[in-house]
Amino acid sequence: MLHVLAAGFCNTTIQPGMLTCEYLQNPLGIDIAKPRLSWNFTSKERNQLQTAYEVIVSNDEKEIKLLKGNNWQTGKILSADNIHIIYSGKLLQPFTKYFWRVKVYDKNGEASLWSAISTFETAALQGSDWQAKWIGDGSKQFEKDEGFYKEDAMPLFKKQIIIHKKIVSARLYISGLGYSEVYINNKKIGDHLLDPGFTAYKKEVLYVTYDVTNSFNNKLENTICILLGNGWYNPLPLRLFGRFNLREVQQTGRPCVKAQVLLIYTDGTNETIATDESWQTAKGPVIINNVYLGEKYDARLEKKFTDKTGWKNATVTDGPSGILSAQMQAPIRITKVIQPVSMHESGKDTFIVDMGQNFAGVARIKVSGAAGTKVSMRYAEILHADGSLNWMTTTAGAIKEVWNINGGPGAPKTAWQQDEYILKGSGVEVWNPRFTFHAFRYVEITGWPSKLTLQNIEGLRMNSDVEKDGEFSCSNDMFNSLHSTIKWTFLSNIFSIQSDCPGREKMGYGADIVATAGAYCYNYNMANFYTKTIQDFANDQQPDGGLTEIAPSTGIADRGYGGQSGPLGWQLAFCYLQKKLYDQYGDKRNIAQQYPAFKKQLDFLQKNAIQGLYHWDIGDHEALDPKAEAFSAACFYYHHVLLATEFAGILNKTGDSVEYAQLAQTIKNAIIEKYLVPTTGRFDNATQAAQVFALWYNLSPEKENTFNALLKEIERHNGHLSTGIFGTMMLFDVLAQNDDNGLAYSIANQKTFPGWGYMLANEATTLWESWAKPASSSYNHPMFGSVDEWFYKSLLGINAAMPGFKKIIIKPQPAELTWAKGTYQSIYGLIKSDWKKEGNRFQLQVTIPVNTTAEIWLPAKENAVITEGGKSIVSSNEIKLLRYIKGYAVVELGSGDYTFVSDNK
């Protein structure tokens with residue numbers, strides 16, 4: 001009440017809002033001892049800044065309402081910082097809810113109101129906070145590979161309790177491996193799927209926190225039930241590509257669970273119910289499940305959780321050896337329900353359903369029939385010419401009988417995706433798989449007991465439910481279609497790891513991450529997701545310091561440097577993502593935490609260099625020209641050392657920074673000496689990719705010649721690109737930096753092979769793995785989605801001039817467009833760019849968040865009349881004209897909404 005009364009006497013100009021803790025609003029279960037707090041602002045005034053702040057934190061809601069912070073009370077801090085404010089109060093306690101709020105001071109020192117109350121809640125802050133034990137059903141692991149492919153009913157676990165007091169709060173903390181679902185009193189808890197996320201279990205195991213306060217019945221018997229799946233913890237011994245067996249690389253085991261429920265009663269007491277040998281277990285209806293091959297479910301084996309018979313005591317087991325960590329990345333959810341568009345009969349008792357869209361997830365069916373009836377569903381991205389299912393692009397690890405690639409003893413000759421449901425014979429049965437996901441547009445259905453209609457099936461799109469941060473549209477309809485296609489592709493490939501494809505491999509390849517991280521970050525909030533990815537690479541760092549090609553590692557190490565270390569372009573993901581999170585969100589914590597591991601990797605790289613350089617790599621994967629493999633390997637080495645120089649500077653490690661800067665210069669000189677053809681500007685084989693690498697890394701001492709050589713290569717390809725996974729991303733950066741966005745536009749707009757227009761013209765609803773229409777490679781591959789970053793950075797012109805967009809550059813490069821509009825939700829607030837061209841008139845509407853500044857590059861001749869809000873900018877006190885350069889008028893301003901018009905008569 002006090003703060004409400006105060007509002008009537010406060011003439012506030014800015015107000016803090018959208019409070020977050022570790023990028024999350026009111027997070028439920030964190031295990032970070034000193035979490036970071038951030039906030040945004042609202043203001044009706046332009047050019048507003050924060051000059052100071054106060055934060056209060058309390059574990060007592062009554063105290064926080066009275067503006068008392070019994071855990072932390074900063075007092076007035078003179079600072080412009082409103083992101084990543086590190087909690088520095090009393091030691092946080094486990095399993096505790098904290099309330100916090102903030103007050104800020106504007107550019108004139110005037111105080112805002114106190115913010116609304118936000119919360120964060122701790123989970124287990126150290127291992128000793130867990131009372132629970134890992135439990136299993138006591139079943140033995142298969143001794144021979146063949147056994148893993150047989151029916152293996154997944155375990156159920158239950159605990160029945162009677163609650164005698166009124167509950168004020170209840171939390172469930174659970175790590176169920178490989179995947180788990182929880183039911184309390186027959187109701188599924190939460191909307192997560194495929195929890196917890198995939199990690200290197202020998203190093204780290206994730207757990208999830210649920211609010212289950214309203215799930216229990218007071219003074220009645222309550223039943224907690226947990227259903228487990230194999231997930232990545234109990235994978236098949238499937239030899240992907242005939243060679244790579246995940247069971248030989250990662251720690252694996254029988255499905256097991258560690259969980260505890262914390263009940264807090266209204267009388268102030270609490271009770272913990274933890275997994276131990278007193279829990280009961282029974283076999284469940286999921287009788288086969290694998291992340292690649294699919295799931296088989298026998299509904300006749302469903303058990304009522306209240307049944308008294310058929311259960312036995314659980315067995316305490318060792319479980320994985322990794323530390324338990326709170327799952328901070330966005331959970332996997334059903335993010336869209338897709339209705340099929342057509343169906344045809346492709347054979348006797350065989351129907352093909354077309355979802356109209358390629359995506360990742362599963363199908364859900366509604367079926368009635370006799371008990372024991374088996375309905376089978378196989379999935380694929382494409383069809384054969386005769387309309388039958390073509391699973392060649394999604395078979396796990398390319399295990400195909402026609403290719404004579406063997407998946408090992410017991411493995412199917414062709415590893416297609418298939419789910420099966422056996423009816424229990426009770427009315428309308430609704431079912432979808434729980435512990436797998438597929439890449440598909442088409443579903444082949446056999447065994448349907450009655451007439452199949454489109455109303456009997458729907459698609460469930462699944463993905464890590466990352467928050468949408470960006471929006472884009474423009475006057476080119478093909479670009480709008482491409483943007484939509486890229487987003488479908490991106491979401492198909494985030495299932496706690498960012499994968500190369502959601503069907504054949506489902507793996508976190510480093511190069512695919514490097515190529516698309518920028519585009520992902522403009523579209524979605526990837527801060528916590530990529531923090532996990534960075535840790536995934538750290539978890540699998542090899543004893544000699546090398547990093548794996550994929551994280552979590554699956555044993556693949558093409559063109560690497562011994563053991564499990566991968567090629568440098570793929571190892572690059574570890575440090576590249578640290579840099580990306582710093583640039584995008586101003587996040588230094590990853591750089592500081594991972595610096596020892598990065599130094600260890602750099603020691604490995606220096607030790608294994610040959611004559612000061614690297615000479616082999618996968619290189620510019622899927623480039624159409626011959627790859628400059630050795631040159632690209634040398635560039636990737638240079639990139640690592642450049643980032644080491646920058647990171648040492650950020651962390652004030654002066655000695656390291658000097659050392660790495662000298663090493664970087666040595667590497668650069670060696671590259672120039674070895675690969676530049678003097679006076680020509682040509683590097684190595686002078687393909688588009690080679691020239692782009694040289695320009696993107698700023699290697700060329702004769703930049704103009706190097707750029708001209710690139711232009712000649714583009715002309716040789718009739719205005720098309722010929723680049724691959726890295727070169728495509730770099731190409732658009734290079735053209736924008738050289739103010740040749742017209743050429744970038746022309747390349748992106750090509751309708752013929754190779755290019756995105758060619759994909760769309762050939763009915764692509766997600767991006768292909770290769771520029772040519774694939775015969776057997778993936779139809780859902782993100783790597784060429786890097787062009788989406790160009791949509792935001794060049795067409796909208798939204799760029800960060802300082803880490804986290806503390807300073808913003810808005811520089812639209814219109815090319816052939818007549819309008820473009822979009823937004824980006826930065827960590828400081830919403831940034832907007834909305835422009836249109838009408839004859840000689842250019843209008844640009846921008847929004848700049850409070851507590852940031854911006855340079856606006858407005859297309860304008862030097863004699864153009866420029867107005868803002870209908871008034872000349874010359875007379876404005878809020879806008880400063882800095883200069884005219886290369887067809888732009890550059891102005892400087894602070895926060896607010898602006899409408900500029902330049903009349904270029």
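The analysis underlying the following values was restricted to heavy atoms, covering all of them including side chains, and did not include hydrogens, waters or symmetry mates.
- Residues Asn749 and Met478 form a side-chain contact, since some pair of their non-hydrogen atoms from C-beta on lies under 4.5 Å apart.
- Annotation: salt bridge (Lys or Arg N to Asp or Glu O under 4.0 Å) contacts of Asp740 (sequence neighbours excluded): none.
- Checking Asn82 against Asn851 by side-chain atom types alone, a donor-acceptor pair falls below 3.5 Å.
- There is a side-chain donor-acceptor pair under 3.5 Å between Tyr745 and Asn476.
- Relative orientation of the Tyr520 and Phe490 rings is parallel, given thresholds of 30° and 60° on the angle between their planes.
- A cation-pi arrangement, defined by a distance under 6.0 Å to the six-membered ring centre and an angle within 45 degrees of its axis, is absent between Lys793 and Tyr522.
- The pair Lys76-Glu54 does not meet the salt-bridge criterion, since no charged nitrogen lies less than 4.0 angstrom from a carboxylate oxygen.
- Remark: side-chain polar atoms of Gln50 are paired, donor with acceptor, to backbone N or O of Asp81 under 3.5 angstrom.
- Although no hydrogens or angles enter the test, the distance criterion places a donor-acceptor pair under 3.5 Å between the side chain of Lys90 and the main chain of Asn70.
- Although no hydrogens or angles enter the test, the distance criterion places a donor-acceptor pair under 3.5 Å between the side chain of Thr485 and the main chain of Ser481.
- Separating the CG atom in Leu710 from the CG atom in Leu743 is a distance of 7.5 Å, to the nearest 0.5 Å.
- Between the CD1 atom of Ile14 and the NZ atom of Lys44 there is a distance of 14.5 Å, given to the nearest 0.5 Å.
- Taking Ser786 as the reference, nothing meets the side chain to side chain donor-acceptor pair (under 3.5 Å) condition, with sequence neighbours excluded.
- Atom CH2 of residue Trp39 and atom CZ of residue Arg101 lie 14.0 Å apart, to the nearest 0.5 angstrom.
- At least one side-chain heavy atom of Leu581 sits under 4.5 Å from a side-chain heavy atom of Thr531.
- Checked against a 6.0 Å centroid threshold, the rings of Phe784 and Trp756 do not count as neighbours.
- Between the Asp60 side chain and the Lys62 main chain, a donor and an acceptor come within less than 3.5 Å of each other.
- Between Glu110 and Lys107 no salt bridge is recorded (no basic side-chain N to carboxylate O distance below 4.0 Å).
- Between Thr13 and Glu45, the side chains place no donor N or O within less than 3.5 Å of an acceptor N or O (distance only, hydrogens not considered).
- Without hydrogens or angle criteria, Gln329 side chain to Tyr530 main chain gives no donor-acceptor distance under 3.5 Å.
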Handout entry: Verdict with reasoning, Trp790 to Asn741, per side-chain hydrogen bond (donor to acceptor under 3.5 Å, both in side chains)
Key = CA-CA 10 Å; Trp790 175 73; Asn741 211 47; 2.8 Å; yes

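- Scanning for side chain to side chain donor-acceptor pair (under 3.5 Å) contacts around Lys811 gives Asp739, with sequence neighbours left out.
- For Arg46 and Glu868, the salt-bridge test passes: some basic side-chain N is under 4.0 Å from an acidic carboxylate O.
- For the pair Asn525 (side chain) and Asp469 (backbone), a donor-acceptor distance under 3.5 Å is absent.
- Here Gln843 pairs with nothing under the side chain to side chain donor-acceptor pair (under 3.5 Å) rule; sequence neighbours left out.
- For the pair Ile808/Ile831, a side-chain contact is recorded, criterion being any heavy-atom separation below 4.5 Å from C-beta on.
- Although no hydrogens or angles enter the test, the distance criterion places no donor-acceptor pair under 3.5 Å between the side chain of Ser876 and the main chain of Ser872.
- Expressed to the nearest 0.5 Å, how far CZ of Phe479 lies from CG of Leu795 amounts to 6.5 Å.
- Aromatic pair Phe805/Tyr824: ring centres closer than 6.0 Å.
- Distance CH2/Trp488 to CG/Asn493: 13.0 Å, rounded to 0.5 Å.
- Gln15 and Trp114 form no side-chain donor-acceptor contact under 3.5 Å, judged by distance and modelled atom types alone.
- Remark: Glu22 engages Arg589 in a salt bridge, criterion side-chain N to carboxylate O under 4.0 Å.
- With sequence neighbours left out, the side chain to side chain donor-acceptor pair (under 3.5 Å) criterion links Ser464 to no other residue.
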Practice task
Give the C-alpha distance, both sets of side-chain angles, the deciding distance and a yes or no for salt bridge (Lys or Arg N to Asp or Glu O under 4.0 Å) between Asp587 and Arg36.
Solution key: CA-CA 10 Å; Asp587 194 326; Arg36 296 167 298 176; 2.8 Å; yes

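- Side-chain atoms of Asn799 and Tyr792 include no donor-acceptor pair closer than 3.5 Å.
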Handout entry: Audit row: Asp465, Thr335, side-chain hydrogen bond (donor to acceptor under 3.5 Å, both in side chains) steps and yes/no
Key = CA-CA 7 Å; Asp465 193 14; Thr335 56; 5.8 Å; no

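- Taking CG of Leu572 as the reference point, atom NZ of Lys579 lies at 12.5 Å (rounded to 0.5 Å).
- A salt bridge is absent between Lys821 and Asp834; no separation between the charged side-chain nitrogens and carboxylate oxygens falls under 4.0 Å.
- Put simply, the side chain of Tyr888 gets close to the backbone of Pro812: a donor and an acceptor are under 3.5 Å apart.
- The distance between the ring centers of Tyr23 and His84 falls below 6.0 angstrom.
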Let me check something: any side-chain donor-acceptor pairs from residues 892-901 under 3.5 Å, sequence neighbours excluded? List them with distances.
unit_1, atom_1, unit_2, atom_2, d
Ser895, OG, Asn47, N, 3.4
Ser895, OG, Gln48, N, 2.9
Ser895, OG, Gln48, O, 3.4
Asp897, OD1, Thr847, OG1, 2.7
Tyr898, OH, Gly894, O, 3.1
Tyr898, OH, Ser895, O, 3.0

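- Two residues are said to be in side-chain contact when any heavy atoms from C-beta on lie closer than 4.5 Å; Ile534 and Gln594 meet this criterion.
- Counting heavy atoms from C-beta on, the side chains of Lys807 and Thr852 never come closer than 4.5 Å.
- For the pair Ile856/Val846, a side-chain contact is recorded, criterion being any heavy-atom separation below 4.5 Å from C-beta on.
- Side-chain atoms of Tyr585 come within 3.5 Å of backbone atoms of Met526 as a donor-acceptor pair (strictly under, hydrogens ignored).
- In this structure a side-chain-to-backbone donor-acceptor pair under 3.5 Å is missing from Asp106 to Thr51.
- Defined by atom type and a distance below 3.5 Å, a donor-acceptor pair is present between the side-chain atoms of Thr516 and Gln498.
- More than 12 heavy-atom neighbours from other residues, nucleotides or ligands sit within 6.0 angstrom of NZ on Lys837.
- Tyr595 and Asp656 are linked by a side-chain donor-acceptor pair at a separation below 3.5 angstrom, with hydrogens and angles left out of the test.
- The aromatic rings of His483 and Phe791 sit perpendicular to each other, their planes meeting at more than 60°, with 30° as the lower class boundary.
- Neither side chain, Asn59 nor Thr96, offers a donor N or O lying under 3.5 Å from an acceptor on the other.
- Heavy atoms from other residues, nucleotides or ligands lying under 6.0 Å from CG of Asn877 number 12 at most.
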